[in-house]
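Just so we're on the same page: letters track the sequence lines, and every chain starts at 1. Everything quoted here is computed from the prediction, not taken from an experiment.
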There are 2 protein chains.
Amino acid sequence: MPRKKASQELTRDMIVKEARKQFERKDFHQVSMRSIAQELDCSHGAIYYHFKNKAELFYTIIEEYFISLNKRMEDTVNDPGDKHGKLKNVFLCFIEFGLDHQSQYEIMFMTRNKEVDGLSHEAANLSYQKFAETVQLLSHKRLLIKDIYSAFISLHGFVSHYSGSVSSYKEAIDAAQVHADFILKALD
Amino acid sequence: MPRKKASQELTRDMIVKEARKQFERKDFHQVSMRSIAQELDCSHGAIYYHFKNKAELFYTIIEEYFISLNKRMEDTVNDPGDKHGKLKNVFLCFIEFGLDHQSQYEIMFMTRNKEVDGLSHEAANLSYQKFAETVQLLSHKRLLIKDIYSAFISLHGFVSHYSGSVSSYKEAIDAAQVHADFILKALD
DNA sequence: CTCTCTATTTGACCAGTGGTCAATAATATT
DNA sequence: AATATTATTGACCACTGGTCAAATAGAGAG
């Protein structure tokens with residue numbers, strides 16, 4: 001029984017793809033190695049040949065989301081419009097990302113995982129860096145890093161608070177506007 | 001073997017006490033019904049005679065923490081000093097509570113538990129209510145509820161962000177000051 | 001003082017989790 | 001064709017929350 005025919009061999013990509021798929025509808029703890037294996041018609045043990053553990057597999061997925069978030073923020077800068085409006089859009093964009101990818105956001109910014117941690121933590125830092133640059137770029141005055149950090153934390157609070165009680169960004173869009181304005185005022 | 005002698009019978013209080021003790025050093029998922037039972041020299045099944053499930057047991061514990069948090073906020077109002085200073089202290093007091101009781105805070109304000117939920121969610125709402133009243137009381141001007149809510153969310157963000165990367169309030173006290181000032185500015 | 005009835009506890013059990021590993025079979029290499 | 005490598009299985013481990021029939025300690029009744 002061991003070892004499948006070449007045509008149906010398991011690849012890292014197949015595993016990531018299936019895991020990502022389930023991760024879109026269920027959170028980290030709800031997606032089990034066994035449920036992934038089942039959908040791929042393999043044993044869960046096989047996955048451990050391709051990935052050291054569950055954390056490594058999910059970090060692989062999360063990486064893409066970090067890239068996507070960074071790209072979104074960049075794009076917002078390049079959009080048309082005045083700086084002030086774009087600054088608010090960066091805030092809303094962050095919130096949108098968080099609420100439309102709640103399971104991913106949780107691992108990206110909320111879980112202090114002892115396992116793969118170093119990597120995820122670094123990527124989160126990089127995303128914050130990007131955020132800080134973007135905010136400074138769009139601000140009409142020179143900002144203090146501590147204030148940018150507070151803005152970031154306040155945005156994070158919004159996502160963390162609405163995660164779970166709302167199923168997508170659009171359900172919290174009004175509250176998000178209000179909160180973004182609140183943060184803008186503090187930066188002014 | 002079943003049923004112990006009267007002198008060593010299990011009580012709800014004994015269970016809560018032991019669970020609370022372990023909950024101070026470990027988070028919800030790290031404290032198992034079995035580890036509580038072991039420390040109480042009983043089987044884990046016995047606990048289920050006194051509590052419907054793990055969520056009910058832990059909600060019982062969490063209730064006390066909600067009361068304690070509310071009390072802290074009240075006390076801050078009655079402290080000596082000017083209103084502005086006290087307002088900032090309410091913010092710091094909330095952060096202090098969150099960072100000095102991270103495992104509890106997680107269940108109180110971060111977990112959207114499907115089980116006991118209704119209760120915990122209500123208590124969280126009540127704590128927010130208390131927060132809102134207190135903030136309005138200490139503000140020099142009439143505030144909008146939406147702004148108070150944004151302030152709350154921003155504080156929550158601080159706790160959520162530093163939870164896990166810091167082991168107590170005192171390690172984040174400087175950052176907390178900065179963040180409190182940031183929120184004060186937005187409210188002004 | 002027994003007899004019953006109820007309250008409490010046990011421990012085996014269930015279904016699930018992440019993770020490990022010897023055995024094995026398909027493929028590559030020689 | 002023989003050998004070495006690689007990928008896969010499935011049994012296994014230790015753990016989780018939760019359920020439940022069976023058994024016993026104590027309370028109350030006669």
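Contact annotation: K54(A) reaches the phosphate of dG18(C) (side-chain N/O to OP1 or OP2, under 4.0 Å).
The CZ-P distance, from F51(B) to dT19(D), rounds to 15 Å in whole Å. The distance between atom CD of Q8(B) and atom P of dT9(C), rounded to the nearest whole Å, is 10 Å. Rounded to whole angstrom, the span from the CZ atom of F28(A) across to the P atom of dT17(C) amounts to 13 Å. Protein atom CD of E56(A) is 15 Å distant from nucleotide atom P of dG18(C), rounded to whole Å. Between the CG atom of D27(B) and the C1' atom of dT16(D) there is a distance of 14 Å, rounded to whole Å. dC15(D) atom C1' lies 13 Å from atom NZ of K26(B), rounded to whole Å. Distance H29(A) NE2 to dG16(C) C1': 14 Å, rounded to the nearest Å. Summarising the geometry, the separation between CD on Q30(A) and P on dG17(D) is reported as 17 Å, rounded to the nearest angstrom.
Comparing Y48(B) and C42(A) along DNA chain D, the residue whose closest nucleotide (by nearest heavy atom) sits nearer the 5' end is C42(A). The 5' end of DNA chain D is approached more closely, in terms of each residue's nearest nucleotide, by H44(A) than by the other of H44(A) and M33(B).
Every residue meeting the salt bridge (charged side-chain N to carboxylate O under 4.0 Å, His left out) condition with E9(B), not counting sequence neighbours, appears here in chain and number order: R3(B). For E64(A), the side-chain hydrogen bond (donor to acceptor under 3.5 Å, both in side chains) partners two or more places apart in sequence, or in a different chain, are R20(A). Qualifying salt bridge (charged side-chain N to carboxylate O under 4.0 Å, His left out) partners for K130(B), counting only residues two or more places apart in sequence or in other chains: E74(B). By the side-chain hydrogen bond (donor to acceptor under 3.5 Å, both in side chains) test, H179(A) pairs with S150(B), sequence neighbours left out. For A180(B), the side-chain contact (heavy atoms from CB on, under 4.5 Å) criterion is met by K88(B), F91(B), L92(B), not counting sequence neighbours.
We find that K17(A) and D13(A) are not joined by a salt bridge, their nearest charged nitrogen and carboxylate oxygen being 4.0 Å or further apart. Salt bridge E39(B)/R34(B): absent, no basic N to carboxylate O contact under 4.0 Å.
Taking every side-chain heavy atom of R34(B) into account, dC13(C) is the closest of dG11(C), dC13(C), dT20(C).
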Between the protein and nucleotides 6-8 of chain C, are there any N/O to N/O pairs under 3.5 Å, and if so, what are the atom names and distances?
| unit_1 | atom_1 | unit_2 | atom_2 | d |
| --- | --- | --- | --- | --- |
| dA7(C) | N3 | R3(B) | NH1 | 2.8 |
| dT8(C) | OP2 | Y49(B) | OH | 2.5 |

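Residue-level contact check: S32(A) touches the backbone only, with heavy atoms under 4.0 Å from sugar-phosphate atoms and none from bases.
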